[in-house]
Each structure stands twice: as C-alpha cells, then as structure tokens.
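Letters A, B, ... mirror the listed sequences (proteins, then strands); counts begin at 1.
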Number of protein chains: 2
Amino acid sequence: MALDETDRRILRVLQRRGRISNAELATEATLSASACHRRVQRLEAEGYVRDYVALLDARKLDLPTTVFVEIKLSAQADDVLEAFETAVARVPAVLECHLMAGTADYILKVVAEDTEDFARIHRQYLTRLPGVAQMQSSFALRTVFKTTALPV
Amino acid sequence: MALDETDRRILRVLQRRGRISNAELATEATLSASACHRRVQRLEAEGYVRDYVALLDARKLDLPTTVFVEIKLSAQADDVLEAFETAVARVPAVLECHLMAGTADYILKVVAEDTEDFARIHRQYLTRLPGVAQMQSSFALRTVFKTTALPV
DNA sequence: ATTGAAAGCACTACCTG
DNA sequence: CAGGTAGTGCTTTCAAT
C-alpha cells in the first residue's frame with residue numbers, strides 16, 4: 001500500500017518519460033525487468049498512475065494563448081453548481097475548472113489561438129454558461145513554465 | 001508541415017492514451033502499422049509531440065490541495081523578472097508559473113498536502129522569492145476537472 | 001529475484017500506386 | 001511521396017525455479 005523509495009523513483013521517471021521501456025526503467029530503478037514490471041503494474045492497479053498521455057506543443061498547434069477566467073455565480077445552491085460544471089465541461093477550450101474556497105467562485109484555464117479567438121470562445125461559450133453573475137478574464141503574456149510532474 | 005485529419009486523429013488519441021501500441025493506434029487511425037509509425041515519428045520530430053508522461057493521482061500521493069498564488073513584483077525590469085523566474089522554478093510544489101499581461105503579475109499553481117503544508121511552502125519558499133511586492137493565495141476547494149488534452 | 005520461452009511489437013528495407 | 005508488405009530483433013509477459 002505505502003510507497004517505498006523505489007516506487008517513488010519509478011513514479012518520478014514515469015512522470016518525465018511515460019513511454020520509457022520497462023527494460024530501461026528497470027535499469028534506472030536498479031531492479032530486474034520483471035521486478036520492475038510488477039511494481040509498475042501494482043502502481044497502476046492501485047491508482048497511483050492515472051494515465052499515460054502525450055503532451056503536445058500548444059504553440060505548434062496555434063494555441064499559444066492561456067487565459068485564466070474568474071467566474072462568480074449568482075447562487076451557491078448545489079444544482080446551480082452542477083449545471084454550471086456540466087456546461088463548462090463541454091467547452092473544449094477549457095482545460096481546467098476549479099471551485100474556489102470561500103466565495104462561490106470558479107477559476108477556469110482556457111487556451112486560445114490569440115485574443116481574438118478568445119473573444120470568440122467567450123462570446124460563443126462562456127457567456128452562455130448558466131448561473132454566472134460575474135466574469136473576469138486575465139491573459140497570460142507568457143508561460144514561464146508548466147509541468148505535470150508532482151513532487152513525489 | 002501542415003496537419004491533415006489523420007494527423008489530428010493520431011494526436012487526439014495520443015493525448016488520451018500515450019502508451020497505446022503503434023499497432024492499435026494504426027487501427028484507430030485506419031492506417032497500416034508502418035504508415036502510422038512513420039506519421040508518429042514525423043509528428044515527434046517536428047515537435048508537435050513534446051513529451052510522453054505518466055499523470056499521477058495527486059490524491060493518492062497526498063497532494064490534493066491546489067492553490068493559485070497571485071504575485072505582484074516591485075519592479076518590471078527584465079533582471080527582476082529573470083531573478084524571480086529562476087527562483088520560482090526551483091520550488092518543487094510550483095507546477096505552473098505564468099507572467100500575466102498588463103501589470104507585472106505572476107500567477108503560480110501550487111500543490112500541497114493541505115492548508116498547513118501550504119503554509120509551510122509559503123513560509124519556506126514563497127516568502128523568499130526575490131522582488132515580490134504583494135502576494136495573494138486562493139485555495140481551490142475542489143478540482144472540477146483538469147485535462148492535458150488540447151482541442152486539436 | 002532471476003531465468004527462459006512464447007507472443008507481440010517496433011522498426012526497417014523494400015515494393016506499389 | 002504516401003501507403004502497404006514482410007522480415008528481424010527487442011520488449012513484454014508469464015510461468016517455473
């Protein structure tokens with residue numbers, strides 16, 4: 001159940017190199033291939049590893065613009081939250097949605113081609129989200145860094 | 001250079017299933033294994049695919065708390081920004097750092113075990129970042145959703 | 001924890017339209 | 001030039017030690 005140092009080492013490597021071969025991973029973890037393989041299977045089965053994914057280059061795909069959108073709802077009732085969350089999950093440009101503590105605020109992370117494209121997303125999708133009282137958008141000038149690797 | 005519909009299909013699949021075998025990916029893209037393999041190699045070489053990574057379960061690893069930290073610097077000179085960015089990149093709990101448009105503001109995304117652990121990170125790392133004039137932390141109560149998949 | 005063996009896979013070289 | 005066919009050597013995976 002609990003992770004030892006070898007498990008954490010495996011997870012650290014997999015977080016950076018998700019397509020590494022089991023043979024190479026075993027070397028990095030100083031294990032035999034089969035022992036390493038069994039640990040990885042255990043870590044996957046127990047849910048430590050949620051997914052393996054390819055990370056694409058947002059610039060190359062013409063989506064270099066990141067916008068954080070702060071949204072205040074008109075009410076905090078559960079059904080209002082639920083309706084909002086269901087609707088926001090259907091907007092492809094929204095990569096993250098967090099319910100914030102304190103007020104009934106959400107923060108969305110949105111990607112777009114440029115400010116004009118964001119204006120379109122805003123008009124076409126965001127203004128149609130249910131239960132919204134206020135919305136404020138903050139544009140990222142530049143992503144200094146971004147990682148999916150948790151400190152394990 | 002430009003992507004056709006088959007390329008985008010491959011990228012969509014790889015964004016969800018980064019460890020899919022080439023054989024299965026070829027089936028999903030209705031291509032032969034070799035044709036598919038060559039396309040993937042091209043997409044990697046041209047930089048559309050930045051990385052393959054494992055996404056871990058932050059809850060299982062006792063890091064369920066996400067905090068957005070807004071930081072205003074005391075000056076906007078390049079060397080002040082650079083010093084700040086270099087220092088913030090060394091804090092393991094900081095997963096993202098964005099320079100925001102308009103003011104000299106940064107937004108950080110930070111993960112922690114709980115509010116107490118965040119207090120420690122704040123005290124130990126964030127208060128020591130150079131050039132900071134103001135700092136405001138907003139806690140996420142709940143991550144509604146989070147994806148790394150860009151809309152391609 | 002290592003070994004060995006069977007199956008599946010990646011990758012290449014070589015054709016085909 | 002992109003896709004298909006076929007062959008070689010690795011990797012995975014499981015069973016046995």
Side-chain angles (χ1 to χ4, degrees), chain A residues 1-64 92 113 147-152, chain B residues 1-62 147-152:
Chain A
M1 203 75 230
L3 302 178
D4 64 15
E5 187 45 50
T6 305
D7 290 324
R8 270 182 260 117
R9 189 154 176 183
I10 288 173
L11 292 177
R12 278 196 293 272
V13 174
L14 287 177
Q15 282 196 114
R16 312 261 170 206
R17 304 178 56 194
R19 266 200 106 133
I20 190 173
S21 76
N22 180 65
E24 199 182 341
L25 181 59
T27 308
E28 301 241 8
T30 56
L31 283 173
S32 71
S34 62
C36 182
H37 185 249
R38 243 171 306 139
R39 279 191 188 249
V40 171
Q41 286 201 137
R42 206 198 72 225
L43 292 166
E44 290 171 0
E46 290 181 352
Y48 289 98
V49 179
R50 271 200 309 124
D51 259 322
Y52 296 94
V53 302
L55 300 180
L56 307 187
D57 187 320
R59 281 232 158 69
K60 289 286 280 184
L61 293 160
D62 257 322
L63 293 167
E113 293 173 25
T147 179
T148 56
L150 301 174
V152 290
Chain B
M1 205 75 232
L3 301 179
D4 63 16
E5 188 43 50
T6 304
D7 289 324
R8 269 181 259 122
R9 190 156 175 181
I10 288 172
L11 292 177
R12 277 196 293 271
V13 173
L14 287 177
Q15 281 196 114
R16 312 262 169 205
R17 305 178 54 193
R19 263 202 110 133
I20 191 175
S21 76
N22 180 65
E24 200 183 341
L25 180 59
T27 307
E28 300 241 9
T30 55
L31 281 173
S32 72
S34 66
C36 182
H37 186 250
R38 244 168 308 150
R39 275 185 189 254
V40 171
Q41 286 201 137
R42 205 198 74 226
L43 292 166
E44 289 172 1
E46 289 181 353
Y48 289 98
V49 179
R50 272 201 308 125
D51 259 322
Y52 296 93
V53 302
L55 299 180
L56 307 187
D57 188 319
R59 280 233 160 68
K60 290 285 279 182
L61 293 160
D62 257 321
T147 178
T148 56
L150 301 174
V152 291

### Query
Residues two or more places apart in sequence or in another chain: which of them pass side-chain contact (heavy atoms from CB on, under 4.5 Å) with A/Pro92?
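A/Pro92 satisfies side-chain contact (heavy atoms from CB on, under 4.5 Å) with A/Tyr125, B/Pro151 once adjacent residues are dropped.
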#### Entry: Covered region of DNA chain C, 5' end to 3' end, by chain B [heavy atoms, under 4.0 Å]
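Using the under 4.0 Å cut-off, the span is C/dC9 to C/dT12.
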### Query
How many angstroms lie between atom CD of A/Glu113 and atom CG of A/Leu61, to the nearest 0.5 angstrom?
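Between atom CD of A/Glu113 and atom CG of A/Leu61 there are 10.5 Å.
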### Euclidean distance, B/Leu14 CG relative to B/Leu43 CG, rounded to 0.5 Å
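That separation rounds to 8.0 Å.
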Is there any protein nitrogen or oxygen under 3.5 Å from a nitrogen or oxygen in nucleotides 12-15 of chain D, and what are the pairs?
from   : atom 1 : to      : atom 2 : distance (Å)
D/dT12 : OP1    : A/Asn22 : N      : 2.5
D/dT12 : OP2    : A/Asn22 : N      : 3.0
D/dT12 : OP2    : A/Ala23 : N      : 3.0
D/dT13 : OP2    : A/His37 : NE2    : 2.2

### Query
So what does B/Leu31 hit on the nucleic acid, given a heavy-atom distance under 4.0 Å: a base, only sugar-phosphate, or nothing?
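If one applies the 4.0 Å heavy-atom cut-off, B/Leu31 turns out to touch the sugar-phosphate alone, with no base involved.
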### Message
Give me each pair satisfying salt bridge (charged side-chain N to carboxylate O under 4.0 Å, His left out) with a member in residues 28-46 of chain B, each pair once, sequence neighbours excluded.
### Response
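As it turns out, the salt bridge (charged side-chain N to carboxylate O under 4.0 Å, His left out) pairs with a partner in residues 28-46 of chain B, which skip direct neighbours, are B/Asp4-B/Arg39, B/Asp7-B/Arg39, B/Asp7-B/Arg42, B/Arg17-B/Glu28, B/Arg42-B/Glu46.
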### Any side-chain heavy-atom pair of A/Leu56 and B/Val49 under 4.5 Å
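The answer is yes, as the side chains (C-beta and beyond) meet within the 4.5 Å cut-off.
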### Query
Does A/Asn22 use its side chain to pair, donor to acceptor, with the backbone of A/Ala33 at less than 3.5 Å?
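Answer holds: yes.
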### Task
Identify, with sequence neighbours excluded, every residue that meets side-chain hydrogen bond (donor to acceptor under 3.5 Å, both in side chains) alongside B/Arg8.
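With neighbours one apart ignored, the set is B/Glu5.
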### Task
May I have the step-by-step check of side chain to side chain contact (heavy atoms under 4.5 Å, CB included) for B/Arg16 and B/Thr147, ending in yes or no?
CA-CA 9 Å; B/Arg16 312 262 169 205; B/Thr147 178; 4.1 Å; yes
### Message
My validator wants the stems of DNA chain D: runs of 3 or more consecutive Watson-Crick or G-U pairs, both distances under 3.5 Å, written as range with range.
### Response
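Output for stems: C:1-17 with D:1-17.
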